[in-house]
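Here's the structure, in structure tokens; my notes come after.
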Amino acid sequence: MEKLRLRFAPSPTGALHIGGVRTALYNYLLAKKHGGTFILRIEDTDQARFVPGAEDYIKEALEWFGLVPDEGPGYGGDHGPYRQSERKELYQKYTTQLVEAGRAYYAFDTPEELAAQREQDPNFKYDASVRMRLKNSLTLPQEEVAHALAEGKDYVIRLKVPENETVSVQDKVRGQVSFDSNELDDKVLLKADGMPTYHMANVVDDYLMEITHVIRGEEWLSSTAHHVLLYRALGWESRMPEFAHLPLILRPDGKGKLSKRDGARFGFPVFPLSWNGQTEEDSFTGFREYGFLPEAAINFLALLGWNPGTEQEVFSLEELVDTFSVERINKSGTRFDIDKAKWFNQQYIIKADAGYLLEKVRPIIKAHGYEPGDAFLRGFIELMRERAITLGDFWENGYFFFEEPREYDEKMIQKRWAPERKGLFDELAGQLHSLNGYTAENIKAQAEAFINEKGLKFGDVLPILRLGVAGTMKGPAIFEMMELLGKEEVDRRLRKAFVQFNELSNP
Ligand code: GLU
């Protein structure tokens with residue numbers, strides 16, 4: 001089999017939507033499954049929509065997910081340049097070739113003239129039915145065309161779509177999809193500014209970059225008819241890639257396509273990384289900043305439009321590479337279920353390698369002003385990892401490992417604390433403080449002995465210790481927590497807490 005070459009071809013028009021990451025992922029998976037090449041191509045021919053920083057964002061996102069291109073701008077490769085804006089001459093060469101072969105033509109209609117046509121007929125389409133009455137190299141005398149070109153008059157080059165043909169696309173997801181060529185307009189291939197349109201650049205590059213398979217979003221399916229015509233017109237039909245169009249990603253409520261605004265609307269990320277746009281409306285929190293592990297997000301995205309055909313849900317990237325197949329891409333849209341994404345994240349946090357998690361959690365703790373040693377941080381992570389859904393939860397649910405409780409659960413104190421017991425608890429605190437070997441085991445044994453000796457119950461004592469140390473009833477195993485915090489810190493907290501508990505229960 002010929003070596004597979006797949007490309008991810010985003011336009012740098014802003015932050016990359018999470019759907020784009022899914023497209024990149026599927027291209028990556030198919031390429032890697034067959035030992036092929038994954039290429040990044042930047043489709044930046046639309047200068048009006050170009051956004052500075054977007055290309056770097058795309059690369060950073062791909063790298064964060066581990067989908068590192070084998071070829072692309074900044075990644076090397078011998079099919080470059082990989083930015084379309086640096087390939088202008090190539091597109092010009094092939095459009096001219098098409099004109100010479102009679103498969104495309106110059107059109108001189110001004111924007112005003114076209115607007116006037118649209119005014120007369122709101123359904124106006126520049127196509128076979130009207131092209132012979134418009135201003136182009138098919139209708140104007142040759143000398144006039146030559147003159148206009150020599151004069152530097154504005155023109156575009158349009159594809160001459162053949163009449164009365166059925167254009168069929170063999171799509172790997174949808175099967176055969178057919179279009180009536182009479183419905184297709186004469187697409188602009190080269191714009192007045194000398195830049196190609198998406199269609200022209202995309203086809204020329206897929207050919208020159210020897211792309212074997214194109215996996216992209218469903219919204220490009222209808223363009224594929226024009227692409228097929230272009231391959232034919234250029235004489236490249238035998239080298240046309242195979243196409244697979246991915247189903248839509250739907251809003252959680254199933255009401256239409258997931259849009260970038262839905263993130264704000266539903267309170268979850270729809271972008272891989274945070275993006276600071278010009279306005280607040282155009283700024284988004286990413287999966288990364290939301291506290292997702294890249295592996296979890298990848299796993300989630302893989303199943304958003306593909307199914308393995310088994311019960312297995314958790315897949316590493318390597319397992320996905322092995323298991324992925326285009327045949328198992330779903331035909332219908334899939335709902336974006338953020339709870340499922342969180343579930344994956346939780347699974348990955350629980351199973352993550354300790355060292356790996358350490359590097360992910362450390363910056364979060366540091367952002368709050370704490371730089372604990374590795375041993376402490378590891379202990380903390382082991383106690384907390386079962387309780388974290390996002391990385392941010394390590395701080396949210398465990399901040400009290402780094403600083404004193406900000407508040408005490410008053411309701412619990414009213415319920416569990418009795419001022420006359422303060423002496424008793426001070427005595428317990430003293431006993432614990434004088435322990436030799438401040439381990440969870442020893443602390444527990446000492447607490448048990450105390451409970452028995454005083455004729456108390458566990459329920460009288462453990463909640464008080466927990467509230468004193470953490471302020472809340474939620475948290476990991478109390479004795480382990482005390483061991484990690486250490487004797488002095490625990491003692492300081494308990495003594496202080498008991499005084500406060502007295503105040504709180506005696507308003
Ligand atoms: N530049 C197009 C995009 O932004 C690429 C579509 C395709 O893969 O052909 O999605």
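Below, each value reflects all heavy atoms present in this structure, side chains not excepted, and no hydrogens, waters or symmetry copies. Just so you know, ligand 1 is whichever comes first in the structure, and atom 1 is the first atom listed for that ligand.
- The side chain of Asn202, and not its backbone, has at least one atom closer than 4.0 Å to an atom of ligand 1 (non-hydrogen atoms only; side chain from C-beta on).
- Comment: Asp44 does not engage Arg49 in a salt bridge, judged by the lack of any side-chain N to carboxylate O separation of less than 4.0 angstrom.
- Heavy atoms from other residues, nucleotides or ligands lying under 6.0 Å from OH of Tyr198 number more than 12.
- Looking at atom 5 (C) of ligand 1, its nearest protein heavy atom turns out to be Ala9 O, 3.1 Å.
- With hydrogens and angles left out, the side-chain atoms of Gln84 and Asp205 include a donor and acceptor closer than 3.5 Å.
- At the shortest separation from atom 1 (N) of ligand 1 among protein heavy atoms lies Glu43 OE1, 2.6 Å.
- Considering only non-hydrogen protein atoms, atom 10 (O) of ligand 1 sits nearest to Trp220 CZ2, 3.3 Å.
- A salt bridge links Arg5 with Glu71: the closest approach of a Lys/Arg side-chain nitrogen to an acidic carboxylate oxygen falls below 4.0 angstrom.
- Between Glu237 and Arg239 there is no salt bridge, since no side-chain nitrogen of the basic residue lies less than 4.0 Å from a carboxylate oxygen of the acidic one.
- Remark: minimum distance from atom 4 (O) of ligand 1 to any protein heavy atom is reached at Ser11 OG, 3.2 Å.
- Arg7 NH1, 2.6 Å is the protein heavy atom nearest to atom 8 (O) of ligand 1.
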